Amino acid sequence: MKKSFYITVLFFFIVSSAFAQKQKIKNQPYGDQRLYHFGLLVGLNFQDMIITNSGYTGEPDGNGNPGETWFCELPDYSTGFSVGLISDLYLNPYMNLRFTPTLHFGDQKYVFREENSEKLYSTSIRSNNLTFPLDVKFSSMRLNNYRPFVSAGVYGSLNLGRKKGEPILLKETDFGISFALGCDFYLPIVKICPEIRFNFGLVDLIEKDRKDLTDKSLEKYTQAISKGTSRMFVLTFNFE
């Protein structure tokens, strides 16, 4: 059970509801008509990876034992911290173009199980990603001091946490699609926007050419994975 993710989502919506109940006076009535504005975001990320196992079987050992077949899984979302900047360009009363470079700190835990025995191997890989999302934000009509929205777009990503010699090595770059939903809450001076974002990578991130490994016995863990694509959920509070 990925309890930490669901508990955080529940807390996220409770806080959002509390903001909505306190809004009575219409704040910043012309705030959405600025050609452009900036802000920052902070929040939590939950990193995951969609793994396709190869079913690769190693060579038999010298004692006549059959080769090992390892299968990989990520048992839980890895929780990390996110911080970023917001730049927003006004397109029309219901659409904005947004660029939000964000740094996501975290790690991922890989668990390998051998098919024909009770052997188990686990390792954690640092995954600090700098993402560059470009989104179109679609907002509803403003209702007093809150305004729901959805957004969709694409992103590129740089992995700043790569460390060679680990059992699993992720590629340096990624790109994918993202979707988000949230709500703008208008305060007298600042606009606070709770948001949940879903990032889905399109690149196979598993580095297959492992010339960096000095311990060749670790190669079987890379060979056990046919493909791995990133998936991340991000809960943030945007301050604009």
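If you're wondering where the values come from, they're calculated on a predicted model, not measured in any experiment. When a residue number appears, it is its place in the shown sequence, counting from 1.
Under the 4.5 angstrom side-chain criterion for Ile, Leu, Val, Met, Phe, Trp and Tyr, the cluster partners of Val111 are Leu120. Residue Tyr94 belongs to a hydrophobic cluster whose other members are Met141, with links defined by side-chain heavy atoms closer than 4.5 Å. Residue Tyr155 shares its hydrophobic cluster (ILVMFWY side chains chained together at separations under 4.5 Å) with no other residue.
Residues satisfying the side-chain contact (heavy atoms from CB on, under 4.5 Å) test with Ser151, not counting sequence neighbours, are Asp135, Lys137, Ala180, Arg197. Partners of Phe71 under the side-chain contact (heavy atoms from CB on, under 4.5 Å) rule, at least two apart in sequence or in another chain, are Asn53, Thr69, Glu115. Residues that satisfy the salt bridge (Lys or Arg N to Asp or Glu O under 4.0 Å) test with Lys163, not counting sequence neighbours, are absent from this structure. Residues passing the salt bridge (Lys or Arg N to Asp or Glu O under 4.0 Å) test with Asp212, sequence neighbours excluded: Arg210. With sequence neighbours excluded, the residues that form a side-chain contact (heavy atoms from CB on, under 4.5 Å) with Ser124 are Lys109. Under the ring pair (Phe, Tyr, Trp, His ring centres under 6.0 Å) criterion, Tyr221 pairs with Trp70, Phe112, Tyr121, not counting sequence neighbours. Partners of Ser117 according to the side-chain contact (heavy atoms from CB on, under 4.5 Å) rule, which considers only residues two or more places apart in sequence or in another chain, are Glu114, Lys119.
With contacts defined as side-chain heavy-atom distances shorter than 4.5 Å, the pair Asn129/Met232 does not qualify. Within the 4.5 Å cutoff, no side-chain heavy atoms of Leu235 are placed close to those of Phe233. Taking the side chain as every heavy atom from C-beta outward, Ile192 and Phe237 approach each other to under 4.5 Å. Using a 4.5 Å heavy-atom cutoff, the side chains of Thr229 and Leu202 are not in contact. Annotation: side chain of Glu73 is not in contact with side chain of Ile51 (no heavy-atom distance under 4.5 Å). Between Arg142 and Asp184 the shortest side-chain heavy-atom distance does not fall below 4.5 Å.
In this structure, CD in Glu240 is found 12.0 Å from CG in Leu187, a value given to the nearest 0.5 Å. One distance of note links CG of Leu40 with OG1 of Thr100; it measures 12.0 Å at 0.5 Å rounding. With rounding to the nearest 0.5 angstrom, the OH atom of Tyr186 is 7.5 Å from the SG atom of Cys193. Between the OH atom in Tyr90 and the CG atom in Asp32 there is a gap of 8.5 Å [rounded to 0.5 Å].
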Show me the side-chain donor-acceptor pairs of residues 81-88 shorter than 3.5 Å, one per line, residues at least two apart or across chains.
residue	atom	partner	partner atom	Å
Ser82	OG	Asn45	ND2	3.0
Ser82	OG	His104	ND1	2.7
Ser87	OG	Phe99	O	2.9
Asp88	OD1	Asn96	ND2	2.7
Asp88	OD2	Arg98	NH1	2.7

Give the table of side-chain donor-acceptor pairs shorter than 3.5 Å for residues 164-176, with sequence neighbours excluded, one pair per line with atom names and distance.
residue	atom	partner	partner atom	Å
Lys171	NZ	Asp204	O	3.1
Asp174	OD2	Ser230	OG	2.8

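Around CZ of Arg126, the count of heavy atoms belonging to other residues, nucleotides or ligands within 6.0 Å does not exceed 12.
Using modelled atom types, no side-chain atom of Thr102 and backbone atom of Thr131 make a donor-acceptor pair closer than 3.5 Å. No donor-acceptor pair closer than 3.5 Å links the side chain of Lys227 to the backbone N or O of Ile206.
Screening Leu44, Leu41, Val42 against Thr236 for a side chain to side chain contact (heavy atoms under 4.5 Å, CB included) leaves a single residue, Leu41.
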